[in-house]
Q: 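Below: one structure in structure tokens.
A note on names: the letters A, B, ... follow the listed sequences, proteins ahead of strands, and every chain is numbered from 1.
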There are 2 protein chains.
Amino acid sequence: MILSQTAVYALRATLCLAGHGPAARVRVDDIAEQLSVPRNYLSKILHALARAGVLTSSRGPGGGFQLARPARELMLSEVVEQFDELPEESGCLLGRAVCSDRDPCAAHHRWKDVSLSVKEFFRETSIGDLSPDGAALFTPIEHTGTPED
Amino acid sequence: MILSQTAVYALRATLCLAGHGPAARVRVDDIAEQLSVPRNYLSKILHALARAGVLTSSRGPGGGFQLARPARELMLSEVVEQFDELPEESGCLLGRAVCSDRDPCAAHHRWKDVSLSVKEFFRETSIGDLSPDGAALFTPIEHTGTPED
DNA sequence: TCTAATTATCATGACGATATGATGATCTAT
DNA sequence: ATAGATCATCATATCGTCATGATAATTAGA
């Protein structure tokens, strides 16, 4: 798998939040249940995303997590980079410390374009791009008072 | 990093063998030293490559490892797949068990092409393609009796 | 057959990623 | 202030990867 389990959880949780509408605030317990992900583990992940400015959190009754910005402005790279290292210029397929056009490893020239396309996928794709249907993103769903989902 | 440390060692060792000429037989100790890789660990890796038909091994004096086929016919995927799982059709970015055109995850359509380019890089690039200069690959170097390299 | 060379394999340990359970800190509503 | 809800954090457990050291098995050559 390209991404670590942790990064996958982070992506799915962020997508889950986006799916709840642009200003939805959702509790860790709800996200954990919807994603079938360990609660405390997810809590740590969401906290890291909040520190990174991807989400905001609020405690106490009515609290939870929400997107810090509109889904269309949140890039996958912002989520993933908190946990995994994306392929960088310096990220050599053969593990060399330095690997550049000037000082390339054996694989550098052939690998460069592929590596770049991976990096650009994460940099240029937004959470909004991946949300199941854009509709939910623009429909402010306010069911704060309906415990029966 | 895209590849595990083990897979990187495997690739570098195979490239190292290719660099010694088409029919070179090289000892684990020599490869380990040239690559600055733990000897016993490398031994296990090379053994796995031999089981997989990428290399052949022979024990005793004069023994060592050599490429099972010409470098141009050994694909990177053959080496890497023994240790890492390459992105498959079933390999979902979001970790879903099934993820296809019919039953796609949120990222499937946008991720597909990128994933495919990664897979094809490993499937369509040979060890020979990456050998520093093709010259060595076509120059039958027979220095079986010259211990001084 | 004996010895040295060399790969094959086993037992073990260090470490990080993943995960669980318990407790602390903070917020809202009363 | 108090209580309950909710996120924050800590201590710990588990597992796989990476790595080391010791020993076994096999082979070539004297």
Q: So which one's nearest nucleotide on DNA chain C is more toward 5', A:P38 or A:G60?
A: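 Its nucleotide being nearer the 5' end, the pick is A:P38.
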Q: Look at the rings of A:W111 and B:F122 and say which category their plane angle falls in: under 30° parallel, 30 to 60° tilted, over 60° perpendicular.
A: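 Rings of A:W111 and B:F122: tilted, as their planes differ by 30° to 60°.
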Q: Rounded off to whole Å, could you give me the CG-to-C1' distance for the A:D30 and D:dC7 pair?
A: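 In whole Å, D:dC7 C1' and A:D30 CG are 13 Å from each other.
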Q: Determine yes or no for a side-chain-to-main-chain donor-acceptor pair under 3.5 angstrom, with A:D84 supplying the side chain and A:L3 the backbone.
A: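 Judged by distance alone, no pair lies under 3.5 Å.
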Q: Atom CG of A:N40 to atom C1' of D:dT6: distance rounded to whole Å?
A: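 Distance, rounded to whole Å: 12 Å.
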Q: Give a yes or no on whether the backbone of B:A10 and the side-chain of B:T14 come within a donor-acceptor separation of less than 3.5 Å.
A: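 Pair found, side chain donor or acceptor close to backbone of B:A10.
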Q: Verify the contact: side-chain N or O of B:S58 to OP1 or OP2 of C:dT7, cut-off strictly under 4.0 Å; return yes or no.
A: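 Looking at the OP1 and OP2 atoms of C:dT7, neither is under 4.0 Å from any side-chain N or O of B:S58.
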Q: Check A:R123 with A:E81, please: is the shortest side-chain N to carboxylate O separation under 4.0 Å?
A: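 Result for this pair is yes, salt bridge flagged.
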Q: Could you give the CD1-to-P distance, from A:I2 to C:dA17, as a whole number of Å?
A: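 Value for this atom pair: 17 Å.
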Q: Relative to the 5' end of DNA chain C, which residue comes earlier, B:A50 or A:V37, by the nucleotide with the nearest heavy atom?
A: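 Of the two residues, B:A50 wins.
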Q: Rounded to whole Å, please give me the gap between CZ in A:F83 and P in C:dA17.
A: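 Between P of C:dA17 and CZ of A:F83: 12 Å.
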Q: Over how many whole Å does the gap from B:Y41 atom OH to C:dT7 atom P extend?
A: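 Going from B:Y41 (OH) to C:dT7 (P), I get 18 Å.
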Q: Closest approach to the side chain of B:R59, judged atom by atom: which nucleotide of D:dT26, C:dA19, C:dT9 is it?
A: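 Nearest listed nucleotide: D:dT26.
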Q: For D:dT17, does OP1 or OP2 lie under 4.0 Å from any side-chain N or O of B:S4?
A: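 B:S4 to D:dT17 OP1/OP2: no side-chain N or O under 4.0 Å.
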Q: Could you give the CZ-to-P distance, from A:R39 to C:dT23, as a whole number of Å?
A: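 Going from A:R39 (CZ) to C:dT23 (P), I get 15 Å.
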Q: Which whole-number value in Å describes the distance from A:F65 CZ to C:dT26 P?
A: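 Interatomic distance, CZ of A:F65 to P of C:dT26: 15 Å.
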Q: Is any side-chain N or O of A:Y9 closer than 4.0 Å to OP1 or OP2 of C:dA19?
A: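 Yes, within the criterion.
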Q: Nearest-Å distance, CZ (B:R27) to P (C:dA8)?
A: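 Rounding to the nearest Å, CZ of B:R27 and P of C:dA8 are 15 Å apart.
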Q: Does a side-chain N or O of B:H47 approach OP1 or OP2 of C:dA8 to a distance below 4.0 Å, or not?
A: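 For B:H47, the contact criterion (side-chain N or O under 4.0 Å from OP1 or OP2 of C:dA8) is met.
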Q: Judged by atom type as modelled, is there a donor-acceptor pair below 3.5 Å linking the side chain of A:R12 to the main-chain atoms of A:L35?
A: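 Indeed, once roles are kept as given, a pair shorter than 3.5 Å links the two residues.
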Q: Consider the side chain of A:S43, meaning its heavy atoms from C-beta on, and name the nucleotide among C:dT9, D:dA8, D:dT26 that approaches it most closely.
A: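 Nearest nucleotide to the side chain: D:dA8.
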Q: Could you please name the option among C:dA19, C:dA4, C:dC27 that lies closest to any side-chain atom of A:P61?
A: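 So the nucleotide nearest the side chain must be C:dC27.
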